[in-house]
Amino acid sequence: MSIKNPYLQKVYQQVCERDPQQPEFLNAVTEVLSTLEPVIEKHPEFEAAGLMERLVEPERMIQFRVAWQDDNGKTQVNRGYRVQFNSAIGPYKGGLRFHPSVNLSIIKFLAFEQIFKNSLTGLPMGGGKGGSDFDPKGKSDAEIMRFCQSFMTELSRYIGAETDVPAGDIGVGGREIGYLFGQYKRIKNEFSGILTGKGLTYGGSLVRTQATGYGLLYFVQEMLSVMAQDSPKDKVTVISGSGNVAIYAAEKAQEMGAKVVALSDSNGYIYDPNGIDLHVVKEIKEGRRGRISEYVKTVPSAEYHEQCRGIWSIPCDIALPCATQNELLLEDAQKLIDNGVKLVAEGANMPCSLDAIALFQQSGILYAPGKASNAGGVATSGLEMCQNSMKYSWNAQEVDEKLHEIMVNIFHNTYDAAKEYGMEGNLLAGANIAGFTKIAQAMMAQGIL
Ligand code: NDP
Ligand code: 2IT
């Protein structure tokens with residue numbers, strides 16, 4: 001992927017000079033800028049207003065110390081982050097990731113992607129992301145609680161229902177959101193919608209847990225229907241990861257009649273040619289926070305293999321990377337294509353490397369970028385904010401119907417934008433263009449900030 005327009009090249013060069021040590025962020029900027037050339041050429045006023053220079057620079061970045069005591073009474077110190085990237089169309093919105101790999105480059109790339117994703121949902125949400133290099137694996141509930149309380153004690157200075165509304169991401173689920181919410185309420189003496197993904201008894205929305213995975217399949221269904229006059233029914237499907245996104249993507253795929261044959265975690269993958277039994281997976285992952293390898297103890301006919309990237313060597317019609325960034329590289333893409341894959345849609349954020357995406361596109365494989373296909377999670381977070389503001393809640397069917405409608409709209413807006421700019425079928429370009437156009441208009445209207 002290359003950036004040809006001289007203005008965009010200059011902007012990219014500046015980012016490289018300022019942040020040479022941030023490969024994930026540079027990757028995300030390349031991916032967006034390489035597709036915006038026709039829009040920039042149509043709108044010379046953007047260059048005159050320094051719009052792109054402003055777009056690639058976060059409005060605010062916060063880094064803080066998170067000190068907490070483990071169960072042995074030993075003091076531990078982690079690093080906390082919140083990147084408030086762009087608030088042109090609404091309060092900052094985006095998840096929190098707790099994973100030992102977290103650093104500023106990763107949080108910046110996620111926050112940058114979130115700007116366009118949130119814009120695509122059609123809801124008024126700006127882009128942000130946060131997290132910590134804390135590793136929740138193997139920690140007791142009491143340690144998780146103390147860490148979350150310490151993290152929120154500092155984060156609470158910067159967020160608010162009309163300012164910045166975090167949610168979950170890798171390593172942050174219902175348990176963590178509960179502890180974080182409790183601590184905010186205690187510090188501020190205020191019960192408000194400052195987080196999404198909350199439990200149903202204290203302001204959470206029905207279907208938020210399922211939303212990213214379900215939304216991914218609603219998008220895939222529409223994409224197959226419009227672009228290939230086909231459906232997920234009977235399609236052999238491989239899904240990486242076995243966390244929140246992967247599990248509910250698998251559930252909806254099965255409901256639609258697809259045959260899900262593989263799931264993974266960071267250690268390895270399971271292959272069950274008869275179709276994965278999701279009850280077993282949920283019991284292992286949601287019930288006792290176990291490892292995916294344990295699946296074969298209950299289902300001995302399935303296979304477990306070490307090394308998660310091996311999952312892409314399984315022949316399939318549909319591949320849904322739902323684990324993490326850069327988990328599907330060029331050689332994996334080649335294997336999928338050699339084995340006859342028809343569609344690749346991202347449940348994770350930036351799971352496919354840029355050269356893998358280029359190969360899919362050149363080979364005529366239907367490809368959906370995460371900022372469009374995984375937007376169902378944040379969209380339903382937006383619906384949770386809406387319900388919190390109204391002090392009311394919709395039933396599951398109402399939320400699910402809204403989620404479905406939003407995903408179908410995202411597909412069509414993305415598809416149409418690509419077509420309008422002469423790149424029919426290129427959903428990456430379409431998503432960037434459709435997401436960007438709204439942000440650009442809002443930024444132009446609000447002056448030089
Ligand atoms: P979870 O923490 O629930 O699950 C993450 C899964 O990915 C686990 O199976 C984990 O395995 C695996 N994983 C994490 N890191 C790696 C790694 N370095 N290599 C291989 N596998 C890894 O997170 P989510 O399901 O919520 O998030 C998954 C992806 O979806 C992320 O990219 C996230 O940003 C994205 N996303 C999430 C949304 C949400 O609403 N939750 C919304 C939109 C996107 P292990 O247990 O071994 O770590
Ligand atoms: O990457 C994402 O879109 C998320 N982790 C969900 C963010 C949110 O605010 O619900």
Side-chain angles (χ1 to χ4, degrees), residues 93-95 117-125 165 167-169 173-174 177 193 195-226 231-233 235 237 239 241-258 260 276 278-279 281-282 285-286 318 320 322 343 345-348 368 370-415 431:
K93 181 84 196 86
K117 184 195 305 194
N118 294 2
S119 170
L120 285 170
T121 66
L123 300 170
M125 300 182 288
V165 183
D169 192 80
I177 293 291
L195 288 166
T196 60
K198 298 187 292 297
L200 298 177
T201 52
Y202 61 94
S205 172
L206 285 158
V207 192
R208 175 62 188 89
T209 303
Q210 297 83 353
T212 312
Y214 280 17
L216 175 63
L217 268 294
Y218 294 150
F219 189 97
V220 166
Q221 189 179 44
E222 192 66 14
M223 183 176 171
L224 276 173
S225 160
V226 172
S231 84
K233 193 166 184 326
K235 298 288 178 298
T237 302
I239 303 180
S242 49
N244 173 264
V245 178
I247 287 177
Y248 292 97
E251 184 167 281
K252 188 54 78 177
Q254 289 182 345
E255 255 180 65
M256 290 178 174
V260 180
I276 299 274
L278 264 190
H279 297 293
V281 174
K282 283 188 184 180
K285 303 300 290 189
E286 297 183 335
I318 296 179
L320 305 174
C322 294
L343 179 146
E346 297 180 338
K371 62 170 75 74
S373 51
N374 75 32
V378 74
T380 308
S381 281
L383 299 177
E384 182 171 330
M385 289 165 72
C386 194
Q387 293 169 83
N388 290 167
S389 304
M390 294 190 292
K391 301 199 189 313
Y392 185 72
S393 41
W394 293 313
N395 65 37
Q397 192 188 340
E398 286 173 295
V399 180
D400 195 33
E401 278 171 9
K402 288 179 170 56
L403 169 63
H404 184 265
E405 190 185 324
I406 290 171
M407 296 314 296
V408 168
N409 284 341
I410 293 177
F411 170 77
H412 285 280
N413 291 341
T414 298
Y415 184 80

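Note: hydrogens, waters and symmetry copies are ignored here, and every other heavy atom, side chains too, is used.
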Identify, with sequence neighbours excluded, every residue that meets salt bridge (Lys or Arg N to Asp or Glu O under 4.0 Å) alongside Lys285.
Asp265
Can you sort out the partners of Ala431 under side chain to side chain contact (heavy atoms under 4.5 Å, CB included), two or more places apart, ordered by chain and number?
Leu120, Pro369, Lys371, Ala372, Thr414
When rounded to the nearest 0.5 Å, the distance separating CG of Asp169 from OG1 of Thr212 is 9.0 Å
Would Leu216 and Ser373 count as a side-chain contact (heavy atoms from CB on, under 4.5 Å) if you check the C-alpha gap in whole Å, the side-chain angles of each, and the deciding distance to 0.1 Å?
CA-CA 5 Å; Leu216 175 63; Ser373 51; 3.7 Å; yes
Nearest heavy-atom neighbours spanning Gln387 and Ser205
NE2-OG, 3.0 Å
Closest non-hydrogen atom pair between Trp394 and Leu383, with its separation:
CZ3-O, 3.8 Å
With a 4.5 Å heavy-atom cut-off, do Leu320 and Leu217 have their side chains touching?
yes
Only counting residues at least two apart or in another chain, list the ones meeting salt bridge (Lys or Arg N to Asp or Glu O under 4.0 Å) with Glu398.
none
Verdict with reasoning, Leu123 to Ile406, per side-chain contact (heavy atoms from CB on, under 4.5 Å)
CA-CA 9 Å; Leu123 300 170; Ile406 290 171; 4.3 Å; yes
CD1-OG1 distance between Ile410 and Thr121, expressed to the nearest 0.5 angstrom
6.0 Å
With a cut-off of 3.5 Å and sequence neighbours excluded, list every side-chain donor-acceptor pair involving residues 195-204.
{"residue": "Thr196", "atom": "OG1", "partner": "Lys93", "partner atom": "NZ", "Å": "3.0"}
{"residue": "Thr196", "atom": "OG1", "partner": "Ser381", "partner atom": "OG", "Å": "2.8"}
{"residue": "Lys198", "atom": "NZ", "partner": "Leu195", "partner atom": "O", "Å": "2.7"}
{"residue": "Lys198", "atom": "NZ", "partner": "Glu384", "partner atom": "OE2", "Å": "2.8"}
{"residue": "Lys198", "atom": "NZ", "partner": "Asn388", "partner atom": "OD1", "Å": "2.7"}
{"residue": "Tyr202", "atom": "OH", "partner": "Gly178", "partner atom": "N", "Å": "3.4"}
{"residue": "Tyr202", "atom": "OH", "partner": "Gly199", "partner atom": "N", "Å": "3.2"}

Counting only N and O atoms by type, is there a donor-acceptor contact under 3.5 Å from the side chain of Ser389 to the main-chain atoms of Met385?
yes
Backbone N/O of Lys252 and side chain of Gln210: donor-acceptor pair under 3.5 Å:
no
Side-chain donor/acceptor of Asn374 to backbone N/O of Ala348, under 3.5 Å
yes
Audit row: Leu278, Val260, side-chain contact (heavy atoms from CB on, under 4.5 Å) steps and yes/no:
CA-CA 10 Å; Leu278 264 190; Val260 180; over 6 Å; no
Atom CE of Met125 and atom NZ of Lys117: how far apart are they, to the nearest 0.5 Å?
9.5 Å
What orientation do Tyr218 and Tyr214 show, parallel under 30°, tilted 30 to 60°, or perpendicular over 60°?
perpendicular
What residues, two or more places apart in sequence or in another chain, satisfy salt bridge (Lys or Arg N to Asp or Glu O under 4.0 Å) together with Lys282?
Glu251
Side chain proximity check, Leu224 to Pro232, heavy atoms < 4.5 angstrom:
yes
Shortest non-hydrogen pair, Ala211 vs Thr380, comes out as CB-OG1, 3.2 Å
At what distance, to the nearest 0.5 angstrom, does NZ of Lys233 lie from NZ of Lys235?
9.0 Å
So which pairs with a foot in residues 402-412 pass side-chain hydrogen bond (donor to acceptor under 3.5 Å, both in side chains), sequence neighbours left out?
Glu222-His412
